[in-house]
There are 2 protein chains.
Amino acid sequence: MLKLPPQATQVGLAVDVAAFTIHEGVLRSLLTLRGRVPHAQTWALPGGFVLVGEELHEAALRELRDETSIELEPRHLEQFFTFGAIGRDPRGRIVSVAHLAVLPHGTVPVMAGASTLHADWFPAHQPPPLAFDHALILGRAIKRLQLRLEYANLALDFLPETFTLPELQNVHEAILNRSLDKRNFRKRLLAQGILTPSGERRSGVGRPAQLYRRARSVRTGLL
Amino acid sequence: MLKLPPQATQVGLAVDVAAFTIHEGVLRSLLTLRGRVPHAQTWALPGGFVLVGEELHEAALRELRDETSIELEPRHLEQFFTFGAIGRDPRGRIVSVAHLAVLPHGTVPVMAGASTLHADWFPAHQPPPLAFDHALILGRAIKRLQLRLEYANLALDFLPETFTLPELQNVHEAILNRSLDKRNFRKRLLAQGILTPSGERRSGVGRPAQLYRRARSVRTGLL
DNA sequence: GAGTGAAGGTGTCATGCATACACTTATCCA
DNA sequence: TGGATAAGTGTATGCATGACACCTTCACTC
């Protein structure tokens with residue numbers, strides 16, 4: 001057991017995960033419908049208590065797995081803020097270390113876990129009412145995501161291995177929640193030298209698009 | 001008491017403060033010499049346990065006050081990362097919410113508090129050996145400080161109400177740990193429109209310098 | 001096989017911002 | 001009055017950004 005000064009706070013330590021993906025062109029956030037009090041029947045970010053002997057990021061990955069059956073690679077996870085206000089949880093002093101997660105393409109299907117009734121994706125910019133202070137957490141997560149977009153190659157993490165430039169632009173637009181100029185976007189991204197044409201093209205409706213993949217040297221993930 | 005799932009971790013909740021000032025042209029970090037085990041006789045960041053019913057930022061301000069007799073305004077404090085690795089504290093699972101603090105001009109004198117033997121300023125880029133994982137915390141704090149410099153008017157918080165442009169440049173150089181071009185610096189800062197000449201000048205050795213103050217509308221502090 | 005619909009792809013100009021770079025001016029003091 | 005010291009000043013260049021409109025390629029259908 002811990003030997004601490006008598007007036008020191010013993011707190012419950014939790015993690016929450018704001019996990020994002022892009023689906024049908026809109027930024028979506030992963031939410032679970034709580035099955036237990038407090039806030040039963042309310043949507044919330046995946047999360048829960050850190051177990052004894054468990055690192056913070058491990059707890060975040062485990063909760064994501066248990067509550068939504070999503071297996072995330074550690075490099076797509078980043079701690080971004082700790083919420084510890086006194087009244088934030090009716091059960092007592094619970095501090096939550098909030099994490100940002102980026103879900104690469106293909107991780108969309110989710111299932112509910114033991115303690116949750118459902119898990120599903122919601123438009124991140126217009127979420128339903130959320131439990132605890134999770135609306136605040138989600139808002140901050142989106143801001144952080146937008147910041148990261150600027151100086152990381154974050155958008156690539158949302159896409160499969162090969163992708164077209166319009167698809168990449170859609171990712172940026174979904175995260176920033178505004179539209180971008182096609183020509184300027186292409187100019188900027190191609191100038192960064194992080195994309196290499198794969199030579200292939202993708203056909204659909206309209207003119208086929210050139211496929212790209214990330215260049216050799218491009219670091220990926222949130223860290 | 002907390003009613004939590006049985007396997008949930010009860011942890012000690014602490015705060016640490018990486019507090020910076022500029023003195024003699026170098027960025028300095030505030031350290032305390034620990035009087036108690038663990039790590040007695042070792043320098044460490046000011047910090048300690050959060051008390052029952054105390055908010056995180058209040059705890060940070062209190063520890064700073066108790067250990068170094070420095071009274072800091074809340075807006076000069078910003079939470080920046082939470083350190084919770086399992087082995088970081090030999091007493092058990094202790095999670096520390098680290099804060100960044102900017103000490104405005106004139107706050108330099110410090111005294112030791114009850115649980116500390118000394119408190120003093122050390123060059124932030126070359127600190128002495130530190131207790132716990134505080135070297136890691138300090139390093140991350142400096143990086144955050146440098147990031148903030150870019151898009152906040154953070155440097156003004158290190159200076160008194162009126163100051164000269166060379167003084168402001170010194171603050172930037174101390175934080176970035178490199179020298180800057182005088183003409184470009186002046187151009188950039190004056191173009192931002194955040195400075196207004198006070199009309200006065202300051203004499204010393206060499207040509208007297210124009211004194212400036214922050215413009216009316218300039219938001220200050222870390223938030 | 002010609003026409004239409006749908007999406008991909010392309011170039012230029014203006015503006016602002018960062019960078020590199022060297023000499024003059026004001027004051028103090030011996 | 002001359003020397004030491006620090007403040008102050010301007011220009012040219014390259015680069016990134018933002019605004020803006022038309023052409024190309026393919027699939028499908030008639």
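The basis for the numbers below is simple: all heavy atoms, side chains too, and nothing from hydrogens, waters or symmetry mates. A note on names: the letters A, B, ... follow the listed sequences, proteins ahead of strands, and every chain is numbered from 1.
- For C:dT19, its base sits under 3.5 Å from the side chain of B:K187 at one donor and acceptor pair at least.
- When heavy atoms are screened at a 4.0 angstrom cut-off, A:R201 is found touching the sugar-phosphate backbone but no base atom.
- Taking the six-membered ring wherever Trp is involved, the centroid distance between the rings of A:H172 and A:F185 falls below 6.0 Å.
- Whole-Å rounding puts the A:Q210 CD to C:dA7 C1' distance at 15 Å.
- Rounded to an integer number of Å, the gap from CG of B:L190 to P of C:dG16 is 18 Å.
- With D:dG8, C:dC28, C:dG11 as the candidates, the nucleotide lying closest to the side chain of B:S203 is C:dC28.
- Heavy atoms only, all atoms of each residue included: A:T42 and A:L130 are closest at CG2-C, 3.9 Å.
- A cation-pi arrangement is absent between B:R144 and B:F80 under the rule of less than 6.0 angstrom and at most 45 degrees off the ring axis.
- The CG-C1' distance, from A:N184 to C:dC13, rounds to 12 Å in whole Å.
- When heavy atoms are screened at a 4.0 angstrom cut-off, B:R186 is found touching base atoms of the nucleic acid.
- Counted by atom type alone, B:T116 and B:T32 present zero donor-acceptor pairs between their side chains at under 3.5 Å.
- Of the candidates C:dG9, D:dG10, D:dG8, C:dG9 carries the atom nearest the A:P166 side chain, counting heavy atoms from C-beta on.
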For nucleotides 3-5 of chain D, list the nitrogen or oxygen atoms of the protein found under 3.5 Å from its nitrogen or oxygen atoms, one pair per line.
none

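- Here A:R140 does not pair with A:D133 in a salt bridge; the nearest charged N to carboxylate O distance is not below 4.0 Å.
- Looking at B:R178 and B:E173, no side-chain N of the basic residue comes within less than 4.0 Å of a carboxylate O on the acidic one, giving no salt bridge.
- For B:R183 and C:dC23, the CZ to C1' distance is 9 Å, given to the nearest whole Å.
- Nearer to the 5' terminus of DNA chain D, by closest-nucleotide assignment, is the contact made by B:T164 (compared with the other of B:T164 and B:D181).
- Straight-line distance from the CD atom of A:E173 to the P atom of C:dA7: 14 Å, rounded to whole Å.
- Rounded to whole angstrom, the span from the CG atom of B:L189 across to the C1' atom of C:dT19 amounts to 16 Å.
- If you take CG of B:L180 and C1' of C:dC17, they are 16 Å apart, rounded to a whole angstrom.
- Whole-Å rounding puts the B:H172 NE2 to C:dA18 P distance at 12 Å.
- Between B:D120 and B:R28, no side-chain nitrogen of the basic residue sits less than 4.0 Å from a carboxylate oxygen of the acidic one, so the salt-bridge criterion is not met.
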